[in-house]
There are 2 protein chains.
Amino acid sequence: MLQNFWRERKPVTNYANNESTFIFNTLTIIGIGLIGSSLARALKSKPGLVKQIIASDSNKENLAKALELGIADSTCENINDAVSNSDCVILCTPIGTYETIVKKIAHSLPAGCVLSDVGSVKAEPIENIVQYLPSNVHLVPGHPIAGTEKSGPEAGFASLFEGRYWLLTPLENADREAVFKMRRLCEGIGAMVEEMDINYHDKVLAITSHLPHLIAYTIVGTADDLEDQTQADVIRFSASGFRDFTRIAGSNPIMWRDVFLNNREAVLEMLQRFSEDLTLLQRAIRWGEGDVLEALFTRTRDIRRGVIDARQDVPPSPDDTK
Amino acid sequence: MLQNFWRERKPVTNYANNESTFIFNTLTIIGIGLIGSSLARALKSKPGLVKQIIASDSNKENLAKALELGIADSTCENINDAVSNSDCVILCTPIGTYETIVKKIAHSLPAGCVLSDVGSVKAEPIENIVQYLPSNVHLVPGHPIAGTEKSGPEAGFASLFEGRYWLLTPLENADREAVFKMRRLCEGIGAMVEEMDINYHDKVLAITSHLPHLIAYTIVGTADDLEDQTQADVIRFSASGFRDFTRIAGSNPIMWRDVFLNNREAVLEMLQRFSEDLTLLQRAIRWGEGDVLEALFTRTRDIRRGVIDARQDVPPSPDDTK
């Protein structure tokens, strides 16, 4: 089957000699959901970064929508055709699909091609795919810290990454030129790029993202188990805190299932710490220890101030588009 | 000391014979923080609801600010003077202050005066104060399901209650005319009023508000215990979920301490359910049970849709002011 891919492959362009000022000539986005379609829109809104964008997706409706919205120059159902003439391929699918996809496309990727992704967990998923990649394909794992709870190509918007962090977690032997290209690409669409150790990334994200989502899903599930009338009232009176949790718990189920399955150790460690802290508060409530509660509630205000100072307090919105 | 209060009391106006169309002639707001100042602003923005507003606060700076902002007609440091000529008094202070305040003002309240509050817990705090009230003072406990994480008189805004629920939890022997007046007042500033059993209120709020706040405070505290570099990165990369928790955990510490101390049983019950559900997910992550995770993450989406359908998905903002 792999031989077919070789026969189908188009001649490799020598990008080094290409006088184009584009960072990439042909960038293929695999998975045209919220992040993939936002990336396509962002690149379209900044001409000069890439020459053309190909969208590939296992869902034909998504591809049709991408063309209709004009966010890709072309679409390609056959994933191998899609990547075979690309100098950059970015995986924007749930982490659980990486291995299947990369196993399939590995030998269709042209020499010198940069392969990146946008997944929220890096170590395990990247370790799983690196074995399939030819040495002349440059892997630069990435993760934009941006998103909304919505899913699908219609949910994307061009300004999603503006002023947001885009973390790159290159492996030790990474091609520096490829990392530099990815940095330029992300910065070109307004993101702030940081390079980070791949394991450290997963630890930080476990507390900033994965645990908050797990907790939000849990509390919304707890509410869902209440008797019908109470549940209806929980929804009606959700403005008092619960609302924010429902928003987080409205995120893509498959994507989040894969996150937890792939960042098990870090999530379980943070969850253990959280549970201990929660038990302490539970005890303080039971025994009426107001000073314990007040001390924590005062301490946490400083973290909030830090978030505001870092200008990360406002969620992205399609309305930000200038 | 109580005799002093009697001597200081002004003649009681017979509101029943007053031809004014105002719901209340003199409404005193005790505690001019986020909710108190928003209530004052909302009433000021709808002339015809109350004739004059008196602000009282133990913090002199808050009173000066209230006058400067023009949100009260007068301010009064002496709380007994403030209420002695009022036909409506609304407590907008932390729940833990209720008993002290009501014990102090009980005999300065004119006959026929309506006493209300805006606290997030009702049963225990109301039970604590009801014993001090003369039978000719009409207690109508209330709770607007609206707020932001900010505190203080500057943080308030006139549109805070527009399109939001304002729950009233009158006791069985409540004066229906007083309840009706409070309903008209709240509806007059754009709120949707619902009457609710006082114990049921505390149960619903335990899951919609108190538990989410407790969890948010906990996870932000857990992050605060991480080593310095990690903590700095948690703040920088907070946009991926953690941000929403820091917002909730930036709320007034004293107010929230009092909430947990006063709704102990309901909070502990919901916390117990939550912990069991979280343990189930923890186990699913440990054993790689993707189907358990996916099933929950899919189920919780329906609740989110319910919140959106109930139009409670957008937080209030000062920008809403028309």
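Letters go in sequence order (proteins before strands), and every chain restarts at 1.
Residue A:Gln231 touches chain B through its side chain alone, counting heavy-atom pairs closer than 4.5 Å. The parts of A:Val234 that come within reach of chain B are both its backbone and its side chain, each placing non-hydrogen atoms under 4.5 angstrom from that chain. Residue contact with chain A, scored on non-hydrogen atoms closer than 4.5 Å, involves the side chain of B:Phe245 exclusively. For a residue to count as touching a neighbouring chain, one of its non-hydrogen atoms must lie under 4.5 Å from one of that chain's; by this rule A:Asn252 touches chain B with backbone and side chain alike. A:Phe274 touches chain B through backbone and side chain together, each having a heavy atom under 4.5 Å away. Proximity to chain B is limited to the side chain of A:Glu194, based on heavy atoms less than 4.5 angstrom apart. Within the 4.5 angstrom heavy-atom criterion, only side-chain atoms of A:Ile248, from C-beta onward, approach chain B. Neither the backbone nor the side chain of A:Thr279 comes within contact range of chain B, judged by heavy atoms closer than 4.5 Å. Contacts of B:Ser120 with chain A are absent, with no heavy-atom separation under 4.5 Å from either backbone or side chain.
Among the candidates B:Ser251, B:Ala232, B:Ser275, the residue making the largest number of heavy-atom pairs closer than 4.5 Å to chain A is B:Ser251. For the set A:Leu280, A:Leu261, A:Ile219, the entry with the most heavy-atom pairs within less than 4.5 Å of chain B is A:Ile219. Ranked by non-hydrogen atom pairs under 4.5 Å with chain B, the options A:Leu278, A:Val204, A:Leu211 are led by A:Leu278. With chain B as the partner, the residue from A:Lys203, A:Gln282, A:Arg305 showing the most heavy-atom pairs under 4.5 Å is A:Gln282. Counting heavy-atom pairs under 4.5 Å between each of A:Val292, A:Thr230, A:Asp291 and chain B puts A:Thr230 at the top.
Minimum interatomic distance between B:Val307 and A:Ser238 (heavy atoms only, all atoms of both residues): CG1-OG, 3.6 Å. Pairing each heavy atom of A:Leu167 with each of B:Phe237, the nearest pair is CD2-CE2, 3.6 Å. Heavy-atom minimum distance, A:Gly241 versus B:Pro212: C-CB, 4.1 Å. Pairing each heavy atom of A:Ile303 with each of B:Phe242, the nearest pair is CG2-CE2, 3.9 Å. Between B:Arg301 and A:Ser151 the shortest heavy-atom distance is NH2-OG, 2.9 Å. Nearest approach of B:Pro253 to A:Glu294, heavy atoms of both residues: CB-O, 4.3 Å.
If you check the side chains of B:Thr298 and A:Arg257, you find no donor sitting under 3.5 Å from an acceptor.
Rounded to the nearest 0.5 Å, atoms NE2 (A:His213) and CG (B:Asp244) are 8.5 Å apart. For the atom pair B:Ile207 CD1 and A:Leu226 CG, the distance stands at 5.5 Å (nearest 0.5 Å). From B:Met270, atom CE reaches atom OG1 of A:Thr222 across 9.0 Å, with rounding to the nearest 0.5 Å. Interatomic distance, CD1 of A:Ile285 versus CG of B:Leu271, reported as 6.5 Å (0.5 Å rounding). To the nearest 0.5 angstrom, A:Leu268 atom CG is 4.5 Å from B:Arg286 atom CZ. Taking CH2 of A:Trp287 as the start and CZ of B:Arg264 as the end, the distance is 9.5 Å to the nearest 0.5 Å.
Within 6.0 Å of CD in B:Glu127 there are 12 or fewer heavy atoms belonging to other residues, nucleotides or ligands.
In this structure B:Asp233 satisfies the side chain to side chain donor-acceptor pair (under 3.5 Å) test together with A:Tyr200, B:Gln229, B:Arg236, sequence neighbours excluded. Scanning for side chain to side chain contact (heavy atoms under 4.5 Å, CB included) contacts around A:Leu281 gives A:Leu293, A:Leu296, B:Leu214, B:Thr218, with sequence neighbours left out.
One N or O on the side chain of A:Thr300 and one on the backbone of B:Ala249 form a donor-acceptor pair closer than 3.5 Å.
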Notebook entry, point to check: Hey, mind stepping through B:Asp225 and A:Arg299 against salt bridge (charged side-chain N to carboxylate O under 4.0 Å, His left out) and telling me if it holds?
Noted result: CA-CA 11 Å; B:Asp225 287 336; A:Arg299 188 159 66 100; 3.1 Å; yes
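The aromatic rings of A:Tyr217 and B:Phe297 lie parallel to each other, with less than 30° between the two planes, well short of the 60° mark.
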